[in-house]
Amino acid sequence: MIEIRGVHKSFGSLEVLRDVSLSVPAGSVTVILGPSGSGKSTLLRCVNHLEKVDRGTVRVDGELIGYRQDGDKLHELPERLVLKQRANIGFVFQTFNLFPHMTALENVSEARRNPGRALELLDRVGLADKAKAYPRQLSGGQQQRVAIARALALDPKLVLFDEPTSALDPELVGEVLDVMRDLARAGTTMVVVTHEIGFAREVADTIVFLDGGRIVEQGPPVEVLDNPQHERTRAFLSKVLI
Amino acid sequence: MSLLSSARAAVRRTSADPPPTPAAPPAHDELTIVPARHPWRWVAAAAVLVLVAQFLHGLATNPGWDWSTFFGYFFEESVMQALLITLELTFAGAVLGFAGGIILAPMRLSKNPVLKSVSWTFIWVFRSVPLIVQLLFWANLGYLYDRLQLGIPFGPGFVDFETSSLVSAFGAALLGLALHEAAYAAEIVRAGILSVDQRQMEAAAALGIPRLRQFRRIVLPQAMRAILPNAANELVNLLKSTSVVYVLAIGELFYQVQVIYGRNGRVVPLLLVATVWYVILTAVLSVLQHYTERHFGKGYRR
């Protein structure tokens, strides 16, 4: 589903991603772990071209993202086409980013592909009764669930989650993870940047550990979490797992 | 510490007569709260009321106000016509000005250096030139270009107009007000756009919403919250600025009362006629502002 090949990305003189390659099969759940500043979010944002890669390629379902290949040249796509590509990829932000002037229902229908299905999607995240509520009237957990419904309204090939529970009060994390767990069970292709190790262990097919802009280690949870091969993975996990 | 003090109390008690048994303190639910008194509020209010009374008394008794003349002209036909012209100038100036502002603001925020600098220059020039100077300039456009032509730039022309026939006094007034207004409106709209959280654009981009729709559906409605109070301010300003076009001998409210008091010499009551109308119109605008703000504030009230 996703093929990332040799991706580099710098912000000024700061190299955030160095030669990252990663395959995500359709229907799988990939969790990206790593210390802050390791490039997790940037990698995720490169997948739907919210960040432009400096070198390397990102393909989703075989389609080159953000560029058109012509011989040995990659031509940047006009924004119109990039927007079209993004409309196949759901993205869930750490800070929800719901449109505050629209109700939950309007937020979900704004993603346009299925305006008629908006209520059904809200029902799927357990918020059909909040359809008329504005984001400000919802708790953080409810807002994030609406944001997930909005991402699903695209009928996306895959959904990217950028630390979806990091801005939530601890008691609200569970309801969002429950929704994500259901999505995973339904066979949605998901890439999740998170610090929820428990969720990663339970739901992930593959765990990718990123440090200093490189993939240090990847594999199924039992390998990466319980028997990490790399010193830096062990150091990170020892701080996160108590 | 508490042990020590209770010990001391015990000592004192044994050394003196048995203490008088105090009346049982009232239970916590029997306590009444007495609000703090604010005597100076009363003093200040009284002082201000005296001043207001004095002013009202003056309004009623000073013959200089000449209320009969005021009421005689308040709804007088020429004043009504002048009021209509003031409203037309305000309305047209606001519509054209804000239309210009909605184009100029995104231009100034765009990444295209040409659009950006053209917008910047426009705003710079039309904010710098005093409105009255600009109005006189447009009215005298005929001296600069006696004929205006519509055609291919630097190429042949198709239609040809005499400038003075195309740009009437009213046209010059409208042009001046609209351009002046556009420069200010552009900055008001730009401030509004800048006030929208960058993450909103990112969320819209992540959903693949087309650019124009992003602006119309996501950015502008949120920007309106910041735009409206300033826009209303600007509209009130424009309403009053229409009085400046009296220099072009256009019969708007201020010009008309001048004409009348030039004839009958009753300066104060006629200025008051104009003043009260401006105040009433501003009040109407304020009411409109309240409801528009409420409309765009949806989602922000709990």
Side-chain angles (χ1 to χ4, degrees), chain A residues 41 44-45 47-51 65-66 78-104 106-114 132-138 143 146-147 149-157 159-162 167, chain B residues 102 105-107 109-116 188-189 191-232 289-302:
Chain A
S41 288
L44 199 69
R45 292 163 61 87
V47 175
N48 74 345
H49 206 60
L50 281 178
E51 302 290 352
I65 294 295
E79 199 181 348
R80 184 173 47 87
L81 296 180
V82 175
L83 286 168
K84 254 193 190 142
Q85 291 185 327
R86 288 203 192 111
N88 294 316
I89 304 171
F91 198 101
V92 177
F93 295 90
Q94 180 178 356
T95 47
F96 331 138
N97 303 4
L98 292 179
F99 305 130
H101 58 300
M102 297 181 180
T103 61
E106 287 166 342
N107 263 281
V108 179
S109 349
E110 191 59 26
R112 286 290 263 194
R113 190 151 301 179
N114 291 297
K132 293 241 160 57
Y134 285 98
R136 209 151 279 217
Q137 297 158 331
L138 300 173
Q143 286 188 52
V146 173
R150 183 174 71 172
L152 294 177
L154 295 169
D155 248 350
K157 294 176 183 166
V159 185
L160 309 172
F161 294 86
D162 188 7
Chain B
I102 287 177
M107 272 173 75
L109 291 168
S110 90
K111 288 187 183 122
N112 184 327
V114 175
L115 296 189
K116 206 178 177 137
I188 291 172
V189 173
I193 294 174
L194 289 177
S195 77
V196 179
D197 191 339
Q198 201 65 36
R199 288 176 291 195
Q200 289 289 308
M201 279 73 119
E202 197 161 74
L207 289 171
I209 298 172
R211 262 307 266 282
L212 208 62
R213 191 180 159 84
Q214 279 185 31
F215 184 71
R216 200 167 46 81
R217 296 271 307 165
I218 313 293
V219 178
L220 206 53
Q222 294 187 60
M224 282 309 270
R225 264 169 43 85
I227 290 175
L228 276 173
N230 294 321
Q289 175 186 4
H290 172 77
Y291 285 103
T292 332
E293 281 184 16
R294 208 167 71 165
H295 171 75
F296 284 100
K298 67 182 176 177
Y300 293 91
R301 275 167 293 137
R302 277 175 193 274

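First the proteins, then the strands, lettered A, B, ... as listed; each starts at 1. Since this is a predicted model, take the numbers as computed values, not measurements. The figures here come from the full heavy-atom set of this structure, side chains too, leaving out hydrogens, waters and symmetry mates.
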* When you measure from the side chain of A:Arg86 to the backbone N and O of A:His49, does any donor-acceptor pair fall under 3.5 Å? -> yes
* Asked: Does any heavy atom of chain B fall under 4.5 Å from the side chain of A:Arg45, the backbone, both, or neither of them?
  -> side chain
* Side chain, backbone, both or neither: which part of A:Phe93 has a non-hydrogen atom closer than 4.5 Å to chain B? -> side chain
* Would you check if the side chain of A:Asn97 reaches a backbone N or O of B:Gln200 as a donor-acceptor pair within less than 3.5 Å? => no
* Is the backbone N or O of B:Arg211 less than 3.5 Å from a side-chain atom of B:Gln214, with the two atoms forming a donor-acceptor pair by type? -> no
* To do: Carefully, step by step, assess A:Glu106 and A:Arg150 under the rule salt bridge (Lys or Arg N to Asp or Glu O under 4.0 Å).
  => CA-CA 9 Å; A:Glu106 287 166 342; A:Arg150 183 174 71 172; over 6 Å; no
* For B:Gln198, is it the side chain, the backbone, both or neither that has a heavy atom under 4.5 Å from a heavy atom of chain A? -> neither
* To do: Could you look at A:Pro135 and say if it's the side chain, the backbone, both or neither that has a heavy atom under 4.5 Å from chain B?
  => neither
* Pairs of heavy atoms under 4.5 Å with chain B: top-ranked of A:Asn48, A:Leu83, A:Leu50 -> A:Leu83
* Under 3.5 Å: donor-acceptor pair, side chain of A:His101, backbone of B:Arg217 -> yes
* Which region of A:Leu98, side chain (C-beta onward) or backbone (N, CA, C, O), has a non-hydrogen atom less than 4.5 Å from a non-hydrogen atom of chain B, or is it both or neither? -> backbone
* Asked: Checking A:Thr95 against chain B: side chain, backbone, both or neither under 4.5 Å from a heavy atom?
  -> side chain
* Asked: A:Val159 and A:Val92: which non-hydrogen atoms are nearest, and at how many Å?
  -> CG1-CG2, 4.2 Å
